[in-house]
Asker: 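Here it is, the structure, as structure tokens.
Sequence lines set the chain letters: A, B, ... in the order given, protein chains first and strands last, and positions in each chain run from 1. Worth knowing before you read on, the calculation uses all heavy atoms, side chains too, and leaves out hydrogens, waters and symmetry mates.
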Amino acid sequence: MAPVAGFRSRVLAAVRRIPAGRVATYGDIAAAAGSPRASRAVGNIMRGCKAAGVPCHRVVAAGGRLGGFGGRGQLKRDLLRAEGVPVVGSRIREFAARRWTKFPPRLDRTEPGAPASA
DNA sequence: AATCTGACTGTTG
DNA sequence: CCAACAGCCAGAT
């Protein structure tokens, strides 16, 4: 069977599903698209993300870092802060808590990865 | 088809 | 914390 859709389509769809006030890493988007190692490819797609309706500014780098934004890291920071995402320098506060994934964490079980505190 | 590129990531120093 | 290196992936040339 051929893939359900182009890698790019799935990536854009995933980015679009990121709710305001939340962020996802390139790796998360890549995973949502079916290739958890294609973070780089996701970045390349984001680079051409000129289409409105695609909150490419909500896609950040791992570790809660801003990542790139066509050299406009400042703009990306402002956009995120405007949506309620506190950013200090090149880092996002409470990154783990604001990190969005298509697989919601299970809180009904004491598992590592759940935002136990803060 | 082969090579280069890059809004990435993890490891090592 | 930052710099350098290596691994990985999809798209463009």
Asker: Strictly by salt bridge (Lys or Arg N to Asp or Glu O under 4.0 Å), give each pair with a member in residues 65-75 of chain A just once, sequence neighbours left out.
Answerer: none
Asker: What salt bridge (Lys or Arg N to Asp or Glu O under 4.0 Å) pairs are there with at least one residue in residues 51-61 of chain A, not counting sequence neighbours?
Answerer: A:Arg58-A:Glu83
Asker: Please check if A:Val54 and A:Leu79 belong to a single hydrophobic cluster, counting links between Ile, Leu, Val, Met, Phe, Trp and Tyr side chain heavy atoms closer than 4.5 Å.
Answerer: no
Asker: Please list residues of residues 83-92 of chain A whose heavy atoms come under 4.0 Å from any atom in DNA chain C, ordered by number; otherwise none.
Answerer: none
Asker: Would you mind building the protein contact string for nucleotides 7-13 of chain B? One character per nucleotide, 5' to 3', B for base within reach (heavy atoms under 4.0 Å), S for sugar-phosphate only, - for untouched.
Answerer: BBSS---
Asker: Give the minimum heavy-atom separation between A:Ala24 and A:Ile18, together with the two atoms involved.
Answerer: CB-CD1, 3.7 Å
Asker: Find the distance A:Arg8:CZ to B:dG6:P and express it as a whole number of Å.
Answerer: 17 Å
Asker: Just to confirm, is there a sub-4.0 Å distance from OP1 or OP2 of C:dC8 to any side-chain nitrogen or oxygen of A:Ser35?
Answerer: no
Asker: Tell me which pairs pass salt bridge (Lys or Arg N to Asp or Glu O under 4.0 Å) where either residue lies in residues 84-93 of chain A, with sequence neighbours left out.
Answerer: none
Asker: What side-chain donor-acceptor pairs closer than 3.5 Å can you find for residues 30-47 of chain A, not counting sequence neighbours?
Answerer:
none

Asker: Please give the remaining members of the hydrophobic cluster of A:Leu80, linking ILVMFWY side chains under 4.5 Å, ordered by chain and number.
Answerer: A:Val23, A:Val60, A:Leu66, A:Val85, A:Val87, A:Ile92, A:Phe95
Asker: According to the side-chain hydrogen bond (donor to acceptor under 3.5 Å, both in side chains) rule, which pairs have a member within residues 11-25 of chain A, sequence neighbours left out?
Answerer: A:Thr25-A:Asp28
